[in-house]
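Atoms within each ligand, like the ligands themselves, are counted from 1 in listed order.
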Amino acid sequence: MAEDEQFWADQIARDIITRKTFHYLDKPAPEIKEYVVKTSASISGVLHIGRLSDTIRGSSVFRALQDQGVKARLIWVAEDMDPLRKVPEGVPKNYSEYIGMPVTDIPDPKGCHDSYAKHHVDEYFKVLDEFVQVKMEKFSMREEYKQGNFNDHIKTILENVPAIKAIQNKYRTNPLPEGWSPWTPICKNCKKIVTARIKGIKDGKVEYVCQDYQFESSLAKGCGHHGEDDPTKSQGKLLWKSEWAAQWSRWKIVSEGAGKEYQVPNSAWWINAEIVENVLDWPMPKPIFYEHLIIEGVKMSASLGNVVYPKDWLEIASPELLRFLYSKRLMKTRSLSWKDLPQLYDEYDHAGRVAFEIEEEKNEKEKSHLSRLYKIANFEQMQEPLQMSFSYAAALTQLYEEKNGIMDALKKTGHYQPLLEDKILERIQKAKNWLDKYAPNEVKFKIQTTVSKDLNLSLQQKEALHEIAKKLKEKEWGEKELSQAIYDIAKEKGVSPKDLYKAGYQVLLGQERGPRLASFLLILGDKAVKLFEKV
Ligand SMILES: [Zn+2]
Ligand SMILES: [Zn+2]
């Protein structure tokens, strides 16, 4: 079975390449020389790792297109004409006066950039390219409008207001009013973009009066100004239910990601899809609908203080791991809990082992899916999976300060891979950061120096620990073999394996849980023997 039969991005790529007609119209699809995939982010909110989901998924489709032998291109667009909707946490309260202004036109509260938008985009760009395969071409909507790159689209859209209204009215209970316009000007007096209420269109010009605009939890104050705006002279923007279509047409987009809320039939996706086909003569792009990322069971939000920035992610995990997380099956909730990060690493390593046929996967479908997923997460160079799990790395960093100690321990337990030493060290460092910031207490430990008198171990438990110490001194053990030996000792002494592990952890760590006992004992060596002999 070909690997790419199972993977969602390959399926989308195939659909795009083999498309014969428009989606709504019985009209032949245009011949495409270069397949452009668009990804974007709104700059009015914070650029957390949730925003990368769109980009990473788009880049998977881009990669899949390339792998099917066509020329492809990935672009990133800053939706930076969006108005500021409320004053975010950490921004001075007096920024409320800017509510309703495009984020490109608001000063940088930190003072280091030309604007609020520039500040956020700059921070984001520092790491963005690490998460995608190619250096993306990046566009700013504010600049695009200023340069007149949308003028043709704006003209066509304004000439077709009745058709656009008809499309939207199909999904509305109250039809759009007389004089409605898909163009929204920036008020010439107060520079706000949501407050200009359209009064009518005359000779291609839009007349407006600036009035209060109510957002969900805040108010953009209007200034009362009466004005006239020429949309081709660049001071404003198209409404989203037209602008998206204009973007698809301008860049000839074949695919774009959108959150699952856009799947419903009356969403901006489908309205723009009808507009782009009927008015702008370009077939609807193939949507990549996806679930959003949930952290510890809740959506990321600045007010909840659970926002994870791309740079935070890189402290504890690699870009590959995030690509892996996002590229798993599309419509499954992405839920991430920091304490469970080692499990995500384990899944990733497992996919790697399946891809490299180090581990057998009997289910062919699963095998091809995991292999392709691993390949996509890795870009060009397929990284041989590490034998050192993340939890193991976390345990090692608590035992050794020095690189040498860690490498020796890995050699002893058979987890050392000379060619991957850099990757090993990288994972060790990330595990260390994870322990500092996110790890639950039960994985943190300190090796005991003496055996506490209050352990209350049974005679059988003590005998079993003595026996383990004896075995450890006998020879160099392998992990599996030792694990079996411990199990046998437990049986022989009449202790349940669980109780024996517990006793071991209590003696070694002063707590009831710890890293996998056999490998832990191999790393500790003499230290463990001495403690067990003393019980
Ligand atoms: Zn700045
Ligand atoms: Zn105004």
Check: Between ND1 of H119 and ND1 of H113, what angle is found at the Zn ion (ligand 1), rounded to 10 degrees?
Finding: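 For ND1 of H113 and ND1 of H119, the angle centred on the Zn ion (ligand 1) reads 100°.
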
If the threshold is 4.0 Å, N to carboxylate O, is there a salt bridge linking D80 and R142?
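Looking at R142 together with D80, the answer is no, because their closest N to O distance does not fall below 4.0 Å.
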
Requested in this report: Answer yes or no for H225: is there an N/O/S atom below the 2.8 Å cut-off from the Zn ion (ligand 2)?
Outcome: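 No, outside the cut-off.
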
| message | With no hydrogens and no angle check, just 3.5 Å: does a side-chain donor-acceptor pair link Y116 and D105? | response | no

Angle subtended at the Zn ion (ligand 2) by C190 SG and C210 SG, rounded to 10 degrees: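 Rounding to the nearest 10 degrees gives 100°.
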
* Any N/O/S atom, backbone or side chain, of D108 lying under 2.8 Å from the Zn ion (ligand 1)? ->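 Yes - counting backbone and side chain alike, D108 has an N, O or S atom under 2.8 Å.
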
**Prompt:** Quick check, are the ring centers of W251 and Y35 under 6.0 angstrom apart?
**Reply:** no

| So, do W244 and W269 have ring centers that fall under 6.0 Å from each other? |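 Yes: the rings meet the under 6.0 Å criterion.
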
